[in-house]
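What follows is a single structure, written as structure tokens, with notes after it.
All values derive from a computational prediction rather than experimental measurement.
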Amino acid sequence: MTALGPRPGPRTERLALPGVLSPEQVLRTVEGIAAVQRADGAIPWFRGHHLDPWDHIESAMALDAAGEHERATAAYRWLARHQNPDGSWYAAYPDTPDGVAATDPTDRGRESNFCAYVAVGAWHHYLSTGDDAFLDGIWPTVFAAVEFVLGLQQSGGQIGWRHRADGTVDSDALLTGSSSVYQALRCALAIAEHREEPQPDWELSAGLLGHAIRHHPERFLDKHRYSMDWYYPVLGGAVTGAAAKERIEEGWDRFVVPGLGVRCVSPNPWVTGGESCELALALWVMGESDRAVDILRWIQPTLRAEDGMYWTGYVFEDDAVWPEERTTWTAGSLLLAVAALGGDEATTAVFGGEGLPRGLDSDCCG
């Protein structure tokens, strides 16, 4: 992989957002993620920590948004090499020195939303690069991953959480995870349509899942204290229009701390970078860019570190960052949020839903 250039270029200029990030600050953040990426393409949370497939992909998408396509390609090649025969990935892999393969996962569970997200990343990479050869090469990986995930879909449309390490299935469904899977299924269907390989079973599954998210909260585990369960149905594209607006307004005072960011868990006095940036993306999806920019501006004084990376969270009652870790996926979520706000076509497509199939309409069903 080539080294990053010493000065901001056209891509980092485009990711700059007045009041949030200058071009030089964008470059520092991109360099921070790139510095963590291993020579084999893997992107751990930070060096010495584990990596998981979902956050690895989020970081790869941020690299693509910044024009670092070679690095993003390496990240997807890592996924293809490490995919299990059943189409899954393990939930966590250790960080290893460059040149040493990560052969012994640290968590042998296989989580549905972790596995599905490769479709989002693959479609984003294709839209960023126009590389048909890449899409041809990654298609078997995406296909196998989607088939694994849909094997966990329940009769009510919701997606079971995971295969446990012992091989048994945890069929309970998480609203956040299922909402992420819904976005992934739509991206997978877009890939299939582009390849002229229609997948009607996936369309039906996406329709059933979207219906469950919109109309049947009782089919998911109760995690209402977590902000992700609040905004992810909007971010994942299942809840739109007036319903999205109503959902976000209902939880705003519970989760948003003006001037600081978004709580991870209510009522804990802890705002987190990932949740704040994802809410900003959800607000952008709703057409509320001004509020999205406010959220991103609020987190800069407390969560941006001197090296351009971002602390995971800030405990405002103690005026302390916690935990003391600067994660690639937090920085990645920030770059994706500013990319969407800046009009990056690939990022706006996968989060805004432009050109993404919604699946067969099942809102008439119970």
Under a 3.5 Å distance rule, please check whether [X] uses its side chain to pair with a backbone N or O of [Y] as donor and acceptor.
X    : Y    : result
S112 : V149 : no
Y117 : P53  : no
W270 : W322 : yes
S180 : T176 : no
E345 : L127 : no
Q37  : R71  : yes
R47  : A35  : no
D52  : A92  : no
W284 : A292 : no
T168 : R164 : no

Could you report the tightest heavy-atom contact between [X] and [Y], atom names first, then the distance?
X    : Y    : answer
A34  : L63  : N-CD2, 4.5 Å
V20  : Q25  : O-OE1, 3.8 Å
D229 : L221 : OD2-O, 4.2 Å
M309 : T328 : CE-CA, 3.8 Å
A60  : A72  : O-CB, 3.6 Å
A305 : R326 : CB-CD, 3.3 Å

With salt bridge (charged side-chain N to carboxylate O under 4.0 Å, His left out) as the criterion, how do E249 and R291 come out once you've worked through the C-alpha distance, each side chain's angles and the decisive distance to 0.1 Å? CA-CA 12 Å; E249 294 305 326; R291 284 211 287 184; 2.4 Å; yes
[X] vs [Y] side-chain heavy atoms within contact, under 4.5 Å:
X    : Y    : result
I57  : Y76  : yes
V36  : P44  : yes
V350 : M61  : yes
L235 : Q183 : no
V142 : W123 : no
L334 : L21  : yes

According to a 4.5 Å side-chain heavy-atom criterion applied to Ile, Leu, Val, Met, Phe, Trp and Tyr, with indirect links allowed, do [X] and [Y] form part of one hydrophobic cluster?
X    : Y    : value
Y226 : L174 : no
W252 : L281 : yes
V146 : W161 : no
V169 : L150 : yes
L341 : V256 : yes

Say whether [X] and [Y], considering side chains only, have a donor N or O and an acceptor N or O under 3.5 Å apart.
X    : Y    : value
S333 : E278 : no
W45  : D95  : no
W230 : S266 : no
Q158 : R219 : no
E275 : S227 : no
D319 : Y314 : yes

Residues forming a salt bridge (charged side-chain N to carboxylate O under 4.0 Å, His left out) with [X], sequence neighbours excluded:
X    : answer
R304 : none
E317 : none
D294 : R297
D86  : R110

Which residues satisfy the ring-ring contact (aromatic ring centres under 6.0 Å, His included) test with F46, sequence neighbours excluded? H49
Is the cationic atom of R263 (NZ for Lys, CZ for Arg) positioned less than 6.0 Å from the six-membered ring centroid of F255 and within 45 degrees of its normal? no
With rounding to the nearest 0.5 angstrom, report the [atom1] to [atom2] distance, [X] to [Y].
X    : Y    : atom1 : atom2 : result
T327 : I33  : OG1   : CD1   : 9.5 Å
L356 : C187 : CG    : SG    : 5.0 Å
I213 : S178 : CD1   : OG    : 6.0 Å
L303 : T330 : CG    : OG1   : 8.0 Å
L209 : I159 : CG    : CD1   : 5.0 Å
L51  : R38  : CG    : CZ    : 6.0 Å

Can you tell me if CZ on R77 sees more than 12 non-hydrogen neighbours from other groups inside 6.0 Å?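 Atom CZ in R77 is not packed in, count stays at 12 or less.
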Is it true that atom CG of D290 has more than 12 heavy atoms of other residues, nucleotides or ligands lying nearer than 6.0 Å? no
Hey, could you give me each pair passing salt bridge (Lys or Arg N to Asp or Glu O under 4.0 Å) that has a residue in residues 181-205? Not counting sequence neighbours. D136-R195, R195-E197
Verify the ring-centre separation between F143 and W202: is it less than 6.0 angstrom? yes
Ring centres under 6.0 Å, that's the criterion: do H56 and Y93 meet it?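 No, they do not, as the ring centres are separated by 6.0 Å or more.
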Using the six-membered ring wherever Trp is involved, compare the ring planes of W78 and H82 and label them parallel, tilted or perpendicular (cut-offs 30° and 60°). parallel
